[in-house]
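Computation of the quantities below employed the complete heavy-atom set of this structure, encompassing side-chain atoms and omitting hydrogens, waters and symmetry-equivalent molecules. So you know, we letter chains A, B, ... as the sequences are listed, proteins then strands, and number each from 1.
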2 protein chains.
Amino acid sequence: MTAPNRPPAKEPRRSRPVRVADAIKDWVVERNMAPGDRLPGEAELMARFGMAKGTIREAMRILEAQGLIETRTGPGGGSFVGEVTADRAKALLANYFYFKDISISDIYQLRRALEPELAASLAGRLTEAQLAELEQVVAKYPEPARSAEEERDQHVASLEFHRTLANFSDNALLAFVVSFMGRILTDLTVYRRLYDPPNRELYEKGLAYQTELIAALRHGRADDARRIMRSHMETAEALMQRQEAQVLRRFIAE
Amino acid sequence: MTAPNRPPAKEPRRSRPVRVADAIKDWVVERNMAPGDRLPGEAELMARFGMAKGTIREAMRILEAQGLIETRTGPGGGSFVGEVTADRAKALLANYFYFKDISISDIYQLRRALEPELAASLAGRLTEAQLAELEQVVAKYPEPARSAEEERDQHVASLEFHRTLANFSDNALLAFVVSFMGRILTDLTVYRRLYDPPNRELYEKGLAYQTELIAALRHGRADDARRIMRSHMETAEALMQRQEAQVLRRFIAE
DNA sequence: TAAGATTTGTTCGTATGTATC
DNA sequence: GGATACATACGAACAAATCTT
């Protein structure tokens, strides 16, 4: 009882470039190709699929847009299997949430759940070089902010602390999600002008938490790391909510 | 001190279709366009950008591949702003993890952290219709599996339970991440043939947990829901790890 | 049902740009 | 600098899909 000859089905009939793109993708997967491996040139693809140059090129662009291939001109040029970068993956995913409107609480519901576990799982497993890198990020904001711009820069830097930490995890899934949320928060900060009024409280608490956290990570105190991060998340969320309310109030008042 | 005239920079010089795609994207964002809104036709774009048809079409394919636009032929046809679907977003994201190899523990590190919170946050907030939908999913596997195939189908159905639950959340971020992990597990199940040996233990425990969970959700017992889900996650992970070890052993033995 | 209008889809031939040797 | 090997881009023509009358 295999698939019976299905009628025209409901499929909206994909265009040739899309079908070619799929075929090439399957071809790469079947042959277990790795990033950097070379794909057939345009001429050969035209012959293999019996299609014109334009059609093939559209197919290549589809694959390129997804980060699956890279293309270079010149001798020795051509198309090559590409590894999707984290940045590109985040950008593509951000498109999905563009029309969804995400709230601060939505983001923190995830951060509250994930970041403490991340911190705990890294305790005692970071090299001295990695710990130094974290300390360096913290050192980027040794003074409380005096202007809205400085405040914003500090917030972005503080988010960088979390992203740096996330990337130390050998769990690519966890690292990506945490890092992605950092990116959304950064966008919100820059784009929606949160943090307009300098907020000394967040600065001081953030600094203290991150310093404590590094110590706990260095000495392998997993439970402490989790507790510190959890507490940090709760504080940060509360402060951001207040900021957001202020911004909104001001926005309405204008 | 605005951006100084930067030298050629390092950018690898993007091709025309890519630049056109970016321009169109910016244009859509600036004008705050919504899904379904119409974009200029090929002819007009050719004129506006002063480029040939092929170039414009490649740009459109780039946008289409990201789910940002949809295109139809015929009168009244053309390109329209599209809303990226959850499925497409998952597929694009899956490409990123293709070369990353994710382990069962990686996935469960996230599930353990997220699903209990998800369950707790939904307790007492589901309609009777939604609860019925969950019960319907559970009813899909009223009997223990007798063959490897049945087992696999049951596992897929059980993952569907979690995805259904996730989609009831009004936190789009949380819903997406949980649902995405369900998808990865499904792929692993089907593709790597985990669960080959029917596993009565997982069946019985899974069924019991899900039934208890629905009751807790219905009566608004958030803490119970969290506890049940956490416990379920731990059991499921342990069983999957064992299964994976068995599959691997068998694979090596062959 | 059929014809016509509109818009994207596809092809082909040719010319240009770019990196390597 | 010139030859070579590739992708990049153009333009004109024709095909196919789909809506309207």
Engineer: Check every atom of C/dT11, C/dA19, D/dA13 against the side chain of A/P75 and return the nucleotide holding the closest atom.
Structural biologist: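 When the side chain of A/P75 is considered, C/dA19 is the closest of C/dT11, C/dA19, D/dA13.
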Engineer: Return the value, rounded to whole Å, for the distance between atom CG of B/L39 and atom C1' of C/dT8.
Structural biologist: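 It works out to 14 Å between those atoms.
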Engineer: Could you state the CD-C1' distance from B/E42 to D/dA16, rounded to the nearest angstrom?
Structural biologist: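 Nearest whole value for this atom pair: 13 Å.
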Engineer: Does A/G74 or B/P40 map to a spot on DNA chain C nearer the 5' end, using the closest nucleotide for each?
Structural biologist: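 Comparing both residues, the 5'-ward one is B/P40.
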Engineer: By nearest nucleotide on DNA chain D, pick out whichever of B/G50 and A/T73 is the more 5' one.
Structural biologist: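 Comparing both residues, the 5'-ward one is A/T73.
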Engineer: Would you mind telling me which of D/dC6, D/dA13, D/dA9 lies closest to the side-chain atoms of B/K53?
Structural biologist: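 Closest nucleotide among those given: D/dA13.
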Engineer: In terms of ring plane angle, is the pair B/Y96 and A/F176 parallel, tilted or perpendicular, where the classes change at 30° and 60°?
Structural biologist: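 Geometry flag for A/F176 against B/Y96: tilted rings.
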Engineer: Just one of A/I24, A/D22, A/T71 clears the side chain to side chain contact (heavy atoms under 4.5 Å, CB included) bar with A/L63, so which one?
Structural biologist: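 Of the listed options, the one satisfying the test is A/I24.
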Engineer: Under a 4.0 Å heavy-atom cut-off, which of residues 54-71 of chain B touch DNA chain D?
Structural biologist: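 Hits under 4.0 Å, by residue number: B/T55.
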Engineer: Atom CZ of A/R14 to atom P of C/dG9: distance rounded to whole Å?
Structural biologist: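 Rounding to the nearest Å, CZ of A/R14 and P of C/dG9 are 14 Å apart.
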Engineer: Just to be sure I understand the rule, does A/G76 reach a base, reach only the sugar-phosphate, or reach nothing, if contact means heavy atoms closer than 4.0 Å?
Structural biologist: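 The answer is nothing, as A/G76 stays clear of every strand by at least 4.0 Å.
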Engineer: Expressed in angstrom and rounded to an integer, what is the separation of B/R72 atom CZ from C/dT7 atom P?
Structural biologist: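 Between P of C/dT7 and CZ of B/R72: 13 Å.
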Engineer: Any side-chain heavy atom of A/K25 sitting closer than 4.5 Å to one from A/V28?
Structural biologist: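 They are not in side-chain contact.
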Engineer: Starting from C1' on C/dT16, measure out to CE on B/M51 and report it in whole angstrom.
Structural biologist: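 Rounding to the nearest Å, CE of B/M51 and C1' of C/dT16 are 15 Å apart.
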Engineer: Grab the CZ-P distance between A/F49 and C/dG9 for me, whole Å please.
Structural biologist: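 Spelled out: CZ on A/F49 to P on C/dG9 is 19 Å.
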Engineer: Are any side-chain N or O atoms of A/E117 and backbone N or O atoms of A/L114, one a donor and one an acceptor, separated by less than 3.5 Å?
Structural biologist: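 Side chain of A/E117 to backbone of A/L114: no pair is present.
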Engineer: Between B/K100 and A/E83, does at least one N-O distance fall below 4.0 Å, as a salt bridge requires?
Structural biologist: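 A salt bridge is present here (some side-chain N lies under 4.0 Å from a carboxylate O).
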Engineer: Rounded to whole angstrom units, what separation is found between the CE atom of A/M46 and the P atom of C/dT10?
Structural biologist: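 Distance, rounded to whole Å: 14 Å.
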Engineer: Of all the choices, C/dT14, D/dC6, D/dG11, which nucleotide is nearest to the side chain of B/A52 once you look at every atom?
Structural biologist: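 For the B/A52 side chain, the nearest candidate turns out to be D/dG11.
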Engineer: Is it true that B/E58 and B/R61 make a salt bridge, defined as a side-chain N closer than 4.0 Å to a carboxylate O?
Structural biologist: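 Here B/E58 does not pair with B/R61 in a salt bridge, since their nearest N and O are not under 4.0 Å apart.
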Engineer: Can you confirm if the NZ or CZ of A/R72 lies within 45° of the ring axis of A/F80 and under 6.0 Å from the centre of its six-membered ring?
Structural biologist: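 Here A/R72 passes the 6.0 Å and 45° test against A/F80.
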Engineer: Rounded to the Å, how far apart are B/L45 CG and C/dG9 P?
Structural biologist: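 Roughly 12 Å, once rounded to whole Å.
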